[in-house]
Amino acid sequence: MVSIPHDFEFFFIGGSFSMDLDTAKNISVGEFGASVCALLVARKFELSCLDAFSIKPFFGYAYFSAFGDASLTSESQTYSFFPYKHVSGNFEGNLHFISAGNFLEFKKNGWGFSFNLIWLFCFGNSIFGEYSYQFKKNLFFDGSSDGGNLPLPDASGTHLFAGKMEVSYKFLVGKNFSPTVRVTKTVGAVVLNREVKDFLAAASSSYSTVSSSSADSSTDSSSTSEILKKALLSGTSISLKINF
């Protein structure tokens, strides 16, 4: 017999969406959709030495799936010199994750601080895609066709990290008036396995362009400051909540 303490908390998160892909002529050429669900188990601990401090570690399982398909013909698109009689492709992916993390919270004298950290590790996946096309047969093209499987990588071993930090202060202006100011910073990171890295590098190199290597120091300085500005401000929000 297994006994689960009543102070454990269970969370289920899920959702899905789908969308149609249309051309400028409002002709449907495909669809895309995705769904996600997660089951988490957490338990809250409060430190006796700091009555305003609490931590809530959790672990669980998450599942993500996505699908898409598209098909273009010479009649369904607006490009006059479209070389294909038809071109189509589709993919389907299912990814399984284990997850762990911690919710940390501190509140005292109007001040509040929280830090949430989530880690996801992909331990299994099934990703499949295929394509096919046929050229027009005319003066410029011979009507040949081809098709096959898309070279999609194995995502197993990929890590995803997400963190959210919030600092707040509640002003005690009056009995029925207490505005609260919050500053929130959200960050994320992905650690890819070697196969996914090689796949993205190959895809990037096929579309890369050669740029001039000459640049002055002022350009380097401005680009560095721009990177720092994006790193500091990206994912940052400030909000004001007023209670009457």
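- Every residue two or more places apart in sequence or in another chain that forms a side-chain hydrogen bond (donor to acceptor under 3.5 Å, both in side chains) with S132 is listed here: S88.
- Cluster annotation: M19 is not connected to F67 through the hydrophobic network of ILVMFWY side chains, with a link wherever side-chain heavy atoms come within less than 4.5 Å.
- Clustering ILVMFWY residues whenever any of their side-chain heavy atoms sit less than 4.5 angstrom apart, transitively, puts F58 in the very cluster that holds I13.
- Residues satisfying the side-chain hydrogen bond (donor to acceptor under 3.5 Å, both in side chains) test with S168, not counting sequence neighbours, are none.
- The nearest pair of heavy atoms linking C122 to L95 is SG-CD2, 4.0 Å.
- Annotation for S65 and N94: closest pair CB-OD1, 3.3 Å, computed over non-hydrogen atoms.
- For the pair Y84 and L72, the minimum side-chain heavy-atom distance is 4.5 Å or more.
- Atom CD of E31 and atom CG of D69 lie 5.0 Å apart (nearest 0.5 Å).
- Evaluation of the side-chain contact (heavy atoms from CB on, under 4.5 Å) rule for T184 yields K164, E166, T186, S237 as partners, not counting sequence neighbours.
- The side-chain contact (heavy atoms from CB on, under 4.5 Å) search around N149 returns F128, E130, not counting sequence neighbours.
- A search for side-chain contact (heavy atoms from CB on, under 4.5 Å) contacts involving S18 returns nothing, not counting sequence neighbours.
- Residue pairs meeting the salt bridge (charged side-chain N to carboxylate O under 4.0 Å, His left out) criterion with at least one member in residues 110-125, sequence neighbours excluded, do not occur.
- Shown here for P153 and I127, the closest heavy-atom pair between the two residues is O-CD1, 3.7 Å.
- Inter-residue side-chain proximity for F113 and K107 is flagged as unmet; no heavy-atom pair is nearer than 4.5 Å.
- By the criterion of side-chain heavy atoms lying less than 4.5 angstrom apart, applied directly or through intervening Ile, Leu, Val, Met, Phe, Trp or Tyr residues, L240 is grouped together with V167 in one hydrophobic cluster.
- To the nearest 0.5 angstrom, N116 atom CG is 9.5 Å from K56 atom NZ.
- One distance of note links CG of N138 with NZ of K85; it measures 11.5 Å at 0.5 Å rounding.
- Considering every non-hydrogen atom in both H86 and T73, the closest pair reads CB-CG2, 4.1 Å.
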Practice item. Determine, stepwise, if the pair F106 / S114 fulfils side-chain contact (heavy atoms from CB on, under 4.5 Å). Key: CA-CA 6 Å; F106 175 81; S114 66; over 6 Å; no
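- Shown here are the ring-ring contact (aromatic ring centres under 6.0 Å, His included) partners of F141, two or more places apart in sequence or in another chain: F135.
- The local environment of CG in D146 is crowded, with over 12 non-hydrogen atoms from other residues, nucleotides or ligands closer than 6.0 Å.
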For residues 193-203, tabulate all N or O donor-acceptor pairs below 3.5 Å that involve a side-chain atom, not counting sequence neighbours.
residue, atom, partner, partner atom, Å
N193, OD1, E195, N, 3.3
N193, OD1, V196, N, 2.8
N193, ND2, D154, O, 2.9
N193, ND2, S156, O, 2.6
E195, OE2, D154, N, 3.0

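- The hydrophobic cluster containing L104 also contains Y169, counting ILVMFWY residues as joined when their side-chain heavy atoms lie under 4.5 angstrom apart, directly or transitively.
- Not counting sequence neighbours, the partners of F17 by the ring-ring contact (aromatic ring centres under 6.0 Å, His included) test are F32.
- For T158, there are no side-chain hydrogen bond (donor to acceptor under 3.5 Å, both in side chains) partners, not counting sequence neighbours.
- F121 belongs to a hydrophobic cluster whose remaining members, ordered by chain and number, are Y61, Y63, I98, W119, F123, F161, V191; membership requires side-chain heavy atoms of ILVMFWY residues under 4.5 Å apart, directly or through intermediates.
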**Study point:** Derivation of the side-chain contact (heavy atoms from CB on, under 4.5 Å) call for H96 and N125
**Key:** CA-CA 6 Å; H96 305 270; N125 71 107; 5.8 Å; no
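- Considering only residues two or more places apart in sequence or on other chains, V36 meets the side-chain contact (heavy atoms from CB on, under 4.5 Å) condition with F64.
- The two residues L40 and G60 come nearest to each other via the heavy atoms CD2-CA, 4.0 Å.
- Residue V87 is grouped with residue F140 when hydrophobic side chains (ILVMFWY) are merged at heavy-atom distances under 4.5 angstrom, including chains of intermediate members.
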Check your understanding: Between I55 and F103, does a side-chain contact (heavy atoms from CB on, under 4.5 Å) hold up when you go through it step by step?
Key -> CA-CA 6 Å; I55 59 175; F103 300 139; over 6 Å; no
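- Using a 4.5 Å heavy-atom threshold, the side chains of F59 and V41 count as touching.
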